[in-house]
Amino acid sequence: EEMKERAATDALRIGLLRSVAHDVRPSLATMEHEVAALARSRASGSSEDQSHLSLLSREVNTLTRLVTNLLDSGRLEAKLIAPRHWRISVADMVRNALGSADVKGHTVEVDVSAELPTVIADPDLLERVIANVISNACRFSPDDRPVRLTAGLTATGIELLVIDHGPGTRDPRRRIPGALDGQVASRVPDEDLALSVAAGFIKLLEGELRFDDTPGGGLTVAVCLSATSAPSPTISAEDPETLG
């Protein structure tokens with residue numbers, strides 16, 4: 001009877017997740033589009049109007065990221081995510097992630113070579129991992145210190161480092177929520193949700209997040225990607241035919 005009740009509860013949660021994803025995401029996307037269109041139409045407006053529009057745009061983007069992370073944390077707990085296996089460039093993933101990360105006006109210095117070997121991963125999940133880790137770094141970084149991204153080869157694959165100069169691992173402000181064991185939203189504070197989702201996604205990609213103190217102060221998050229082959233079939237993200 002307990003198992004039946006639990007199964008019914010899980011089915012309800014999954015149904016709610018799908019319903020929210022279906023209803024909320026399109027609405028948020030419409031809001032983002034309309035705010036952007038309004039900003040373009042008022043490009044010659046007063047500085048006060050531009051300030052209000054800029055604030056509105058940032059708040060809509062923040063809400064979109066929060067809702068997306070909440071939905072994805074639920075999908076992780078319900079085991080509804082099945083990673084794809086594409087051959088992708090880490091440099092491309094970093095560039096895409098910077099477009100969606102919340103950098104909060106910080107400078108992000110990137111030293112990631114396009115000559116690095118490709119990795120086999122789900123491009124959407126990997127982009128979210130990188131974007132969430134960058135957003136977390138920018139949230140804690142001092143305004144006058146840039147966040148730095150660098151990557152290189154290791155004995156087992158490729159390691160992307162996201163380096164900031166905020167509080168380190170021993171600072172109580174800098175929680176490393178469930179990132180070491182894949183725990184997600186129900187067990188961590190909202191402000192740590194992005195990092196928790198990143199930990200869940202990287203686990204699905206058979207990689208890991210490693211947390212070290214930055215020399216001189218701060219946190220360095222290593223996004224470790226394995227060089228081992230993925231199950232067949234493997235799709236190249238550079239092949240236009242495979243992208244449909």
* To do: Under the side-chain contact (heavy atoms from CB on, under 4.5 Å) rule, what do L195 and F211 come out as? Steps first, then yes or no, please.
  => CA-CA 11 Å; L195 196 60; F211 303 90; 4.0 Å; yes
* Check whether any side-chain N or O of S135 sits under 3.5 Å from a backbone N or O of D102 as a donor-acceptor pair, and report yes or no. => yes
* **Pairing of D124 and R84 as salt bridge, 4.0 angstrom limit** => yes
* To do: Ignoring hydrogens and angles, state whether a donor on the side chain of T220 or D212 is under 3.5 Å from an acceptor on the partner side chain.
  => no
* Determine, step by step, whether V223 and E159 satisfy the side-chain contact (heavy atoms from CB on, under 4.5 Å) criterion, reporting the C-alpha distance in whole Å, the side-chain angles of both residues, the deciding distance to 0.1 Å, and the verdict. => CA-CA 6 Å; V223 181; E159 198 169 86; over 6 Å; no
* Should D164 and R145 count as an ion pair when the cut-off is N to O under 4.0 Å? -> no
* T150, V147, V221 screened by side chain to side chain contact (heavy atoms under 4.5 Å, CB included) with I163, the one that passes -> T150
* Decide whether T118 and S89 meet the rule of one side-chain donor and one side-chain acceptor closer than 3.5 Å. => no
* Asked: What's the shortest heavy-atom distance between P83 and L205, and which atoms?
  -> CB-CD2, 4.3 Å
* **Approximate separation, where rounding is to 0.5 Å, of E127 CD and I88 CD1** => 9.5 Å
* Asked: Which atom names give the shortest non-hydrogen contact between A82 and D122, and what distance separates them?
  -> O-OD2, 4.4 Å
* Under 3.5 Å: donor-acceptor pair, side chain of D213, backbone of T169 -> yes
* **CD/E115: more than 12 non-hydrogen atoms of other groups inside 6.0 Å** => no
